Amino acid sequence: MKIERMAVEGMNGERKDIDRMNIERIRADFPILNLQVSGKPLVYLDNAASSQMPQPVIDRIVRYQSQEHANIHRAVHHLSELATKEFEAARIKVQHFLKAKESREIIFTRGTTEAINLVMHGYGRAFIGKGDEIILSALEHHSNIVPWQMLAQEKGAVLRVIPMNDAGELLIDEFEALFNSKTKFLALSHVSNALGTVNPVKEMIAYAHHHGVPVLIDGAQAAPHLSLDVRDLDCDFYAFSGHKLCGPTGIGVLYGKAQLLEKMQPYQGGGDMILSVTFERTTYNVIPYKFEAGTPPIMAAIALGAAIDYLNGIGLSKIEAYEKELLDYATERVSALAGVRIIGTARKKAAVLSFEIKGVHPHDVGTILNEDGIAIRTGHHCAQPVMQRFKVPATARASFAFYNTKEEIDKLVDGIRKVQRMFI
Ligand code: 7TS
């Protein structure tokens with residue numbers, strides 16, 4: 001990936017040199033961006049739901065399926081050894097992507113949802129009991145609420161919720177006040193999918209650790225946008241999904257500190273997660289295999305590795321800076337429209353712009369925009385408590401990736417104006 005160097009005007013007026021991404025060249029890597037929808041060029045602004053896949057990742061899938069496929073970790077034949085080598089190489093790419101200490105701390109799952117459920121079953125069921133408290137935040141996705149609710153119901157544990165202000169920022173004083181001797185776990189998103197808020201997770205993790213409480217970070221919306229360092233964050237668990245990171249569906253990652261993973265119970269039983277089995281007794285495999293029962297999504301893991309290579313080729317810090325520019329531009333343009341309210345105005349945000357058009361149901365917004373080839377998501381974004389907090393049934397949400405452009409944001413703004421002309 002070529003990076004162009006350009007001089008640009010800084011926000012505060014001073015000139016400074018920054019490395020600027022060559023967007024046209026990047027867009028050419030994504031075949032799907034050439035599609036026409038409703039006779040118009042596709043404007044894909046639903047990246048928080050799932051991002052698109054560049055050609056090198058598609059090529060990697062074709063190469064794997066046409067030249068490398070076999071089941072892994074079992075046979076001595078050429079293809080099985082090759083597939084195993086590539087699968088384990090993908091694990092090491094994820095390790096470096098997260099800056100984890102060891103590759104055995106990386107578990108492949110089906111996605112963020114399965115990663116969180118794995119922690120709930122493997123850690124929660126063993127170490128959280130009656131009367132214990134689990135802290136969550138008010139801006140979680142359902143996949144970081146429902147598993148903990150299921151555990152609380154099973155064990156008689158209690159969920160405590162960190163509230164947020166009207167901007168969608170967590171109230172840190174109230175967070176700190178929730179801790180007591182019964183607090184046993186903190187499950188927190190890094191970036192909110194409905195509001196875009198970037199939570200101060202590093203500070204919150206440090207506070208939880210001060211009380212001896214382990215922390216799971218739901219990184220589904222952070223991994224595609226921020227450079228990550230799980231050792232710097234010092235989180236105990238970190239979960240993300242491949243399909244939001246230019247990889248395929250059906251693959252995700254759970255990072256866990258080795259000493260915690262080692263004391264956890266397996267999530268599922270089956271092949272590959274055992275060392276020996278008799279009808280009387282099973283000895284489990286070492287981590288990470290203890291948590292990877294059955295044939296894993298081999299192709300998807302290898303493709304996730306290729307997606308990580310692709311993103312590294314651009315550079316996560318450049319992606320972060322460019323997407324900030326896009327979000328600032330979109331925020332400025334959309335907030336200048338009369339009758340439009342942005343929902344989620346935190347000082348620190350990433351790649352998400354949720355809004356409502358007064359007098360128009362969000363689903364109608366999505367339908368009209370689709371007529372112009374513009375893809376956004378409308379609904380509760382699997383974050384119904386967030387909708388309840390902001391007293392809206394749903395929002396319209398544009399979410400950005402590094403292959404989006406300001407011209408596409410202009411089309412979104414034109415689309416919103418068109419909706420207003422039709423409905424108001
Ligand atoms: N956590 C967060 C913060 C998410 O945004 C999502 C998916 C998940 C967990 C679940 O990820 P999965 O890959 O296991 O499904 N979020 C969205 C979204 O915002 N629109 O569609 C899916």
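Not measured: the values here are computed from a predicted model. Atoms within each ligand, like the ligands themselves, are counted from 1 in listed order.
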Any [X] heavy atom less than 4.0 Å to ligand 1:
X    : result
K244 : yes
C382 : no
S189 : no
E114 : no
E140 : no

- Message: Show me the pairs that pass side-chain hydrogen bond (donor to acceptor under 3.5 Å, both in side chains) and involve residues 415-424, at least two apart or across chains.
- Response: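 Output for this query lists D372-K418.
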Inset, instruction - Please state which part of T112 comes within less than 4.0 Å of ligand 1, counting heavy atoms only: side chain, backbone, both or neither. - result: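 The answer is both.
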Should the proximity of R110 to ligand 1, defined as any heavy atom under 4.0 Å, be assigned to the side chain, the backbone, both, or neither?
->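 Within the 4.0 Å criterion, R110 makes no contact with ligand 1.
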Got a sec, which pairs hit salt bridge (Lys or Arg N to Asp or Glu O under 4.0 Å) with one end in residues 300-314, sequence neighbours left out?
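The answer is K93-D309.
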*May I ask you to test the F291-M273 pair for a side-chain heavy-atom distance under 4.5 Å?*
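F291 vs M273: side chains apart.
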Can you find a pair of side-chain heavy atoms, one from R341 and one from S335, that are under 4.5 Å apart?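 The answer is no; the side chains never approach within 4.5 Å.
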Carboxylate-amine/guanidinium contact [X] [Y], below 4.0 Å:
X    : Y    : answer
E68  : R60  : yes
D132 : K184 : yes
K257 : D236 : yes

Discussion item. Given T113, I251, N144, V191, identify the one with the heavy atom nearest to atom 14 (O) of ligand 1.
Written reply: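 Result: the heavy atom closest to atom 14 (O) of ligand 1 is in T113.
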Notebook entry, point to check: Where the closest heavy atom to atom 18 (C) of ligand 1 is concerned, which of H380, H381, R377 has it?
Noted result: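 Shortest heavy-atom distance from atom 18 (C) of ligand 1: R377.
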Requested in this report: Look at atom 9 (C) of ligand 1 and say which protein heavy atom is nearest, naming residue and atom and giving the distance to 0.1 Å.
Outcome: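 Sorting protein heavy atoms by distance from atom 9 (C) of ligand 1 puts S143 OG, 3.0 Å first.
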Starting from atom 3 (C) of ligand 1, which protein heavy atom do you reach first, and at what distance in Å?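 Going by distance alone, atom 3 (C) of ligand 1 is nearest to D218 OD2, 3.4 Å.
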### Query
Do you see a donor-acceptor pair shorter than 3.5 Å between the side chains of D29 and Y310?
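Indeed, the side chains of D29 and Y310 share at least one donor-acceptor pair under 3.5 Å.
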